Student: 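Once you've had a glance at the structure underneath, I'll fire off some questions.
On a predicted model such as this, the values are computed, not experimentally measured, just so you know.
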Amino acid sequence: MQFYVSRLLLMVTRAALKVSGLLFWILVYVASLLSAASYLPDALRLIARGPFRAFRWKPRNAAPGCLTSSKHGQHGNIRIKKSGIRFHYVASGEKGNPLMLLLHGFPENWYSWRYQLDEFSQEYWTVAVDLRGFGSSDAPPELQDYKMETLLQDIQDLITGLGYSDCVLVGHDWGGTLAWTFAVRHRNMVSRLIVMNAPHPSAFHDYVLAHPSQLFSSRYVFLFQLPVLPEILLSLADFEYIRKPMVDASMGIQNEERKLSKEEIEAFVYYPSQKGALTPALNYYRNLFGFFPVKAQDVLVPTLLLWGEHDTFLEAAMVPEMQQYVHAPLQAEIIHNASHWVQQDQPEEVNRIMWDFLRREIPVFSH
């Protein structure tokens with residue numbers, strides 16, 4: 001009798017899990033369709049402004065000079081034996097100094113760290129990598145190639161492949177999400193963690209459930225779950241939706257002295273403009289809900305959190321939510337008059353705070 005009851009309970013539990021999983025994905029795709037509808041008026045305005053222009057986009061034939069220049073460091077490639085993925089990076093400073101590994105966000109590449117490559121090469125071997133699917137790094141085609149576990153393995157492989165056992169890990173946007181999670185899973189490989197405009201995944205989960213305004217601001221995450229449509233929208237009017245978030249008066253870089261030049265704008269449009277290049281980058285988002293955190297993930301390494309005050313995608317009010325997940329010294333700073341692109345927007349202030357954090361004596365913290 002006990003055997004049959006146990007089997008029945010197991011069958012009911014499995015059925016409930018399958019139903020709950022199905023309902024979860026139904027809700028995700030309903031939200032995705034609503035998100036697409038919210039972007040429709042703006043897309044229609046863009047098309048009405050010039051239908052032929054809106055649907056005309058082309059791959060750039062050559063990278064802008066700033067992407068290939070050695071001004072900010074030496075270009076290199078590393079192929080990971082286990083995965084076979086080749087990563088492109090730019091490195092500045094002396095190899096042998098402590099490693100500072102810089103992880104960019106969407107839709108960026110190594111160039112978003114140019115100011116930090118210049119600054120921290122004094123004391124660190126500073127390496128800005130193109131993540132898989134971005135920039136000049138390899139971009140495997142399958143959705144499963146961009147699961148969180150695979151992306152975290154990339155970081156581990158990069159650290160060891162570059163000849164180190166640990167690093168100062170710095171991440172912005174998607175790179176920040178990876179940095180938070182890597183520090184949780186591999187804290188012995190992170191001496192210090194620096195995150196910019198990227199919430200701890202569990203803190204974001206907590207915050208968004210209580211703040212619908214944030215859900216609306218980050219609705220693009222749902223849009224990106226859909227097939228094909230996001231690639232079309234991001235390509236409209238020669239990649240208007242790649243350029244606009246970085247240069248628009250409200251969303252883009254706020255600092256007049258750091259506004260992107262035409263060449264610098266092209267540095268962030270060049271790679272997405274290549275045939276099929278948007279899909280690998282969007283696959284980060286398409287795997288996101290499979291990683292949806294269901295419990296707290298504690299960070300046990302000294303952490304610096306920097307946040308642009310005028311981030312229109314991620315509300316600065318969520319910054320205090322991070323404290324509960326960092327069980328180590330945490331320094332959180334709101335950078336005034338800075339956008340989501342904080343390390344490009346206010347590099348002097350960002351670099352100053354980073355130096356203070358890196359040079360401050362922090363007692364050995366153990367758990």
Side-chain angles (χ1 to χ4, degrees), residues 13-36 80 82-85 103-107 131-134 137-158 169 171-186 195 198-209 214-231 233-234 276-299 313-314 318 321-322 325:
T13 301
R14 285 176 174 172
L17 288 173
K18 287 182 178 179
V19 170
S20 63
L22 179 62
L23 288 174
F24 172 77
W25 284 107
I26 288 173
L27 289 173
V28 167
Y29 281 106
V30 167
S32 299
L33 293 172
L34 290 172
S35 176
I80 305 303
K82 186 175 181 180
S83 66
I85 298 293
L103 309 177
H104 64 79
F106 177 90
L131 297 173
R132 72 159 63 199
F134 289 90
S137 292
D138 285 350
E142 301 300 327
L143 178 63
Q144 64 186 13
D145 292 320
Y146 299 89
K147 289 185 176 180
M148 180 61 72
E149 295 300 331
T150 302
L151 302 175
L152 296 178
Q153 185 64 51
D154 284 346
I155 300 172
Q156 185 176 5
D157 291 340
L158 282 165
L169 188 60
H172 168 255
D173 186 78
W174 245 109
T177 299
L178 295 178
W180 277 119
T181 312
F182 188 82
V184 171
R185 307 281 182 87
H186 303 282
V195 178
H200 183 289
S202 293
F204 181 78
H205 173 260
D206 297 341
Y207 184 84
V208 77
L209 291 177
Q214 176 56 61
L215 192 62
F216 183 80
S217 296
S218 53
R219 67 194 187 281
Y220 59 88
V221 174
F222 293 98
L223 172 69
F224 291 167
Q225 303 307 309
L226 298 173
V228 183
L229 181 61
E231 283 89 338
L233 287 176
L234 289 172
L278 281 169
T279 298
L282 289 169
N283 281 342
Y284 279 68
Y285 291 94
R286 289 168 176 155
N287 277 296
L288 184 60
F289 287 103
F291 169 66
F292 211 73
V294 294
K295 60 183 180 179
Q297 303 177 60
D298 294 336
V299 177
F313 307 103
L314 297 163
M318 76 173 73
E321 299 285 341
M322 315 296 168
Y325 296 108

Student: Exactly one of Phe313, Tyr285, Trp174 should register a ring-ring contact (aromatic ring centres under 6.0 Å, His included) with Phe106. Which one does?
Tutor: Tyr285

Student: Looking only at heavy atoms, which two atoms of Arg132 and Ser137 are closest? And how far apart?
Tutor: CA-CB, 4.4 Å

Student: If I take atom CG from residue Asp206 and atom CE from residue Met318, how far apart are they, to the nearest 0.5 angstrom?
Tutor: 11.0 Å

Student: Heavy-atom distance under 4.5 Å between the side chains of Leu151 and Lys147, does that happen here?
Tutor: no

Student: Under 3.5 Å, is there a donor-acceptor pair between the side chain of Asp145 and the main chain of Glu142?
Tutor: yes

Student: Please answer whether the main-chain N or O of Gln214 pairs with a side-chain N or O of Ser218 as donor and acceptor at a distance below 3.5 Å.
Tutor: yes

Student: How long is the straight-line distance from CD of Gln297 back to NE2 of His200, given to the nearest 0.5 Å?
Tutor: 5.0 Å

Student: Are the side chains of Leu314 and Phe204 in touch, meaning some heavy atoms are under 4.5 Å apart?
Tutor: yes

Student: Closest approach of Pro201 and Trp180, non-hydrogen atoms and distance?
Tutor: CD-CB, 4.1 Å

Student: So, His172 side chain and Val195 main chain: donor-acceptor pair closer than 3.5 Å or not?
Tutor: no

Student: For Phe289 and Phe222, I'd like to know if the aromatic rings sit close, meaning centre-to-centre distance below 6.0 Å.
Tutor: yes

Student: Counting only N and O atoms by type, is there a donor-acceptor contact under 3.5 Å from the side chain of Thr150 to the main-chain atoms of Tyr146?
Tutor: no

Student: Step by step, work out the side-chain contact (heavy atoms from CB on, under 4.5 Å) result for Thr279 and Val228.
Tutor: CA-CA 8 Å; Thr279 298; Val228 183; over 6 Å; no

Student: Between CG of Leu131 and CG of Asp138, what distance do you get to the nearest 0.5 Å?
Tutor: 13.0 Å

Student: Just how far is it from atom CG of Leu178 to atom CG of Asp154, taken to the nearest 0.5 Å?
Tutor: 9.0 Å

Student: Can you check side-chain contact (heavy atoms from CB on, under 4.5 Å) on Leu229 and Leu226, steps first, answer last?
Tutor: CA-CA 6 Å; Leu229 181 61; Leu226 298 173; 4.1 Å; yes

Student: Is the shortest side-chain heavy-atom distance between Gln153 and Ser83 below 4.5 Å?
Tutor: no

Student: Could you measure the distance from the CD1 atom of Ile155 to the CG atom of Leu169? Nearest 0.5 Å is fine.
Tutor: 6.0 Å

Student: Starting at CG of Leu223, measure out to CG of Leu33 and round the result to the nearest 0.5 Å.
Tutor: 10.0 Å

Student: Has Gln225 got a side-chain atom pairing as donor or acceptor with Val221's backbone, closer than 3.5 angstrom?
Tutor: yes

Student: Salt-bridge test for Glu231 and Arg286: reply yes if a basic N is under 4.0 Å from a carboxylate O, no otherwise.
Tutor: yes

Student: Heavy atoms only: give me the nearest Gly176-Ala198 pair and the separation to one decimal.
Tutor: CA-CB, 3.6 Å

Student: With the threshold set at 4.0 Å, does a side-chain nitrogen-carboxylate oxygen contact exist between Arg185 and Glu149?
Tutor: yes

